[in-house]
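Read through the structure below, which is laid out as structure tokens, and then see the notes.
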Amino acid sequence: MIEWNAATIKDFQTTLLNWYDQEGRDLPWRRDHDPYHVWVSEIMLQQTQVQTVIPYYERFMDWFPTVADLAAAPEERLLKAWEGLGYYSRVRNMQRCARQLLADYDGQWPETAAGLAELTGIGPYTAGAIASIAFNQPVPAVDGNAYRVFSRLLKIDADVAKPQTRKIFERAIARIMPTDRPGDFNQAIMDLGSSYMTARQPDTAHSPVKRFNQAYLDGDELAYPVKTKKPRPKPVAYVAVLARMGTDWLMTQRPSNGMLANLWTVPLIPVADLELADDATAADQLAAVTAYFKREYRLKLTVQPLDVRPVTHTFTHQKWTIQLLTGQLVTSDLAYFAGRRISESELTRLPIPKVQEKIFARAGVSLKD
DNA sequence: GACCCGTGGCC
DNA sequence: TGGCCAAGGGT
């Protein structure tokens, strides 16, 4: 890791901010510095690219123009606003945060990073981003862009996958950032990180700060940032049961914790829960599903295969392989079943995860309005 | 500190 | 295809 002297720091600040003034992106959440706007955009942008976020952000502001609107929203509407973005706990935490603001802060945002970080769903990065952009606090906002940009500029070789590495970057960036335009500085780093200083195909030759980029000058830019690899997604097998009740579908709302919390799917049974023998036949599996429905839900049904091709869906650390069955319910008492019958028109109002869209697509059902 | 939590894009 | 990446936070 290298250290810059005061003259280099000043030179870098001026170069970066001049570039940002000319080439910074015009984004919907940059029209003002309203903390609500900054906050919503920052949460949406976690692990999500700008082009994906833009339409979600516009619709979110249409549906929930203020913190009070968000605090009062029904959860179904909330999750629908987030449908397709992923990491659904983000939006449930946002509503908790909105309610905290109204109940405990008289609706006034804390203006420091430490104060903001007390709120649900706001961690060190988002606290720094809101504090610097909305409240002009000279604090770093260390995200993936900052890791990538500063690891290359300064040749910082600490493993960015390790939590303690954040402190190294926070200290390095704090020395470099200006006190007069901290929000613009942090946003300029993000724009740099998503344009000239991308992970795989950086275009440093045209970067406004290439003369400060020590890794590039040394010819080993792609060695930064140093990051240990993540484990492969673990395979998990399911059986999905597509059961009609008249023209309705039998669907369940997933538990409020864990994967796809509170979203709606058809019944998904972990194959492991069917307790099949190693030499079980296809017929054995169908019988096991019928027995499972009777045991767990007190429901009688008959099942048959829908499609020999399983639906596959890969999450960050699970790869689901889902065999599809159609079911005909013999009984319709849903007292022991954690769900209900859902009409086709109601389907468009419920929050549905992507994997369920894939399952419905095999049955010829489109969820587009 | 390790693990959990979605989706889309790219090669 | 599989692996990696993209404005992280909670437990």
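Below, all heavy atoms of this structure are taken into account, side chains as well, without hydrogens, waters or symmetry copies. Small disclaimer: the values here were computed from a predicted structure and weren't measured.
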Separation between the [atom1] atoms of [N] and [M], rounded to whole Å:
| N | M | atom1 | value |
| --- | --- | --- | --- |
| C:dC5 | B:dG6 | C1' | 14 Å |
| B:dC3 | C:dA7 | C1' | 22 Å |
| C:dG9 | B:dG1 | C1' | 14 Å |

Sugar-phosphate, base or nothing in reach of [X], heavy atoms under 4.0 Å:
| X | answer |
| --- | --- |
| A:Gln51 | nothing |
| A:Met259 | sugar-phosphate |
| A:Ser89 | nothing |
| A:Lys162 | nothing |
| A:Asn186 | nothing |
| A:Pro124 | sugar-phosphate |
| A:Gln187 | nothing |
| A:Arg30 | base |
| A:Val53 | nothing |
| A:Ile133 | nothing |
| A:Thr120 | sugar-phosphate |
| A:Lys234 | nothing |
| A:Ile122 | sugar-phosphate |
| A:Arg200 | base |

[atom1]-[atom2] distance between [X] and [Y], expressed to the nearest 0.5 angstrom:
| X | Y | atom1 | atom2 | result |
| --- | --- | --- | --- | --- |
| A:Gln214 | A:Asp220 | CD | CG | 9.0 Å |
| A:Leu347 | A:Trp249 | CG | CH2 | 8.5 Å |
| A:Arg30 | A:Ile133 | CZ | CD1 | 7.5 Å |

Looking at [X], I'd like to know whether one of its side-chain N or O atoms comes within less than 4.0 Å of OP1 or OP2 on [N].
| X | N | answer |
| --- | --- | --- |
| A:Thr126 | C:dG9 | yes |
| A:Tyr87 | C:dG10 | no |
| A:Gln46 | B:dG6 | no |
| A:Lys354 | B:dG8 | yes |
| A:Arg148 | C:dA7 | yes |
| A:His317 | B:dC5 | yes |
| A:Arg90 | C:dG10 | no |

Gap between atoms [atom1] and [atom2], on [X] and [N] respectively (whole Å):
| X | N | atom1 | atom2 | answer |
| --- | --- | --- | --- | --- |
| A:Gln49 | B:dT7 | CD | C1' | 10 Å |
| A:Gln47 | B:dG8 | CD | C1' | 13 Å |
| A:Trp82 | B:dT7 | CH2 | P | 13 Å |
| A:Tyr88 | C:dG9 | OH | C1' | 17 Å |
| A:Leu192 | C:dA6 | CG | C1' | 16 Å |
| A:Met44 | B:dG8 | CE | P | 15 Å |
| A:Lys230 | B:dC3 | NZ | C1' | 12 Å |
| A:Leu116 | C:dG9 | CG | P | 12 Å |

Side-chain H-bond candidate by donor/acceptor type, [X] with [Y], under 3.5 Å:
| X | Y | result |
| --- | --- | --- |
| A:Gln46 | A:Tyr125 | no |
| A:Thr8 | A:Asp11 | no |
| A:Tyr87 | A:Thr316 | yes |

First encountered from the 5' end of DNA chain B, between A:Pro231 and A:Leu260 |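 Its nucleotide being nearer the 5' end, the pick is A:Pro231.
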Between C:dT11, B:dT7, B:dC5, spot the one nearest the side chain of A:His313, thanks.
->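 Ranking C:dT11, B:dT7, B:dC5 by closest atom to the A:His313 side chain puts B:dT7 first.
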If you look at every heavy atom in A:Val308 and A:Gln323, which pair is closest and at what distance?
->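 Residues A:Val308 and A:Gln323, closest heavy atoms: O-OE1, 4.0 Å.
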Record whether the side chain of A:Thr316 comes under 3.5 Å of the base of B:dG6 through a donor-acceptor pair of N or O atoms.
->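 Pair found.
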Below 3.5 Å, does any donor atom in the side chain of A:Arg25 face an acceptor in the base of C:dA7, or the other way round?
->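 Under the 3.5 Å cut-off, the side chain and the base do form a donor-acceptor pair.
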Salt-bridge criterion met for A:Glu346 and A:Lys80 (N-O under 4.0 Å) |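 Salt bridge: no.
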Toward the 5' end of DNA chain C, by each residue's nearest nucleotide, A:Val50 or A:Lys319 |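 The residue closer to the strand's 5' end, by nearest nucleotide, is A:Lys319.
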First encountered from the 5' end of DNA chain C, between A:Asn93 and A:Lys227 =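 First, find each residue's nearest nucleotide; the 5'-ward one identifies A:Lys227.
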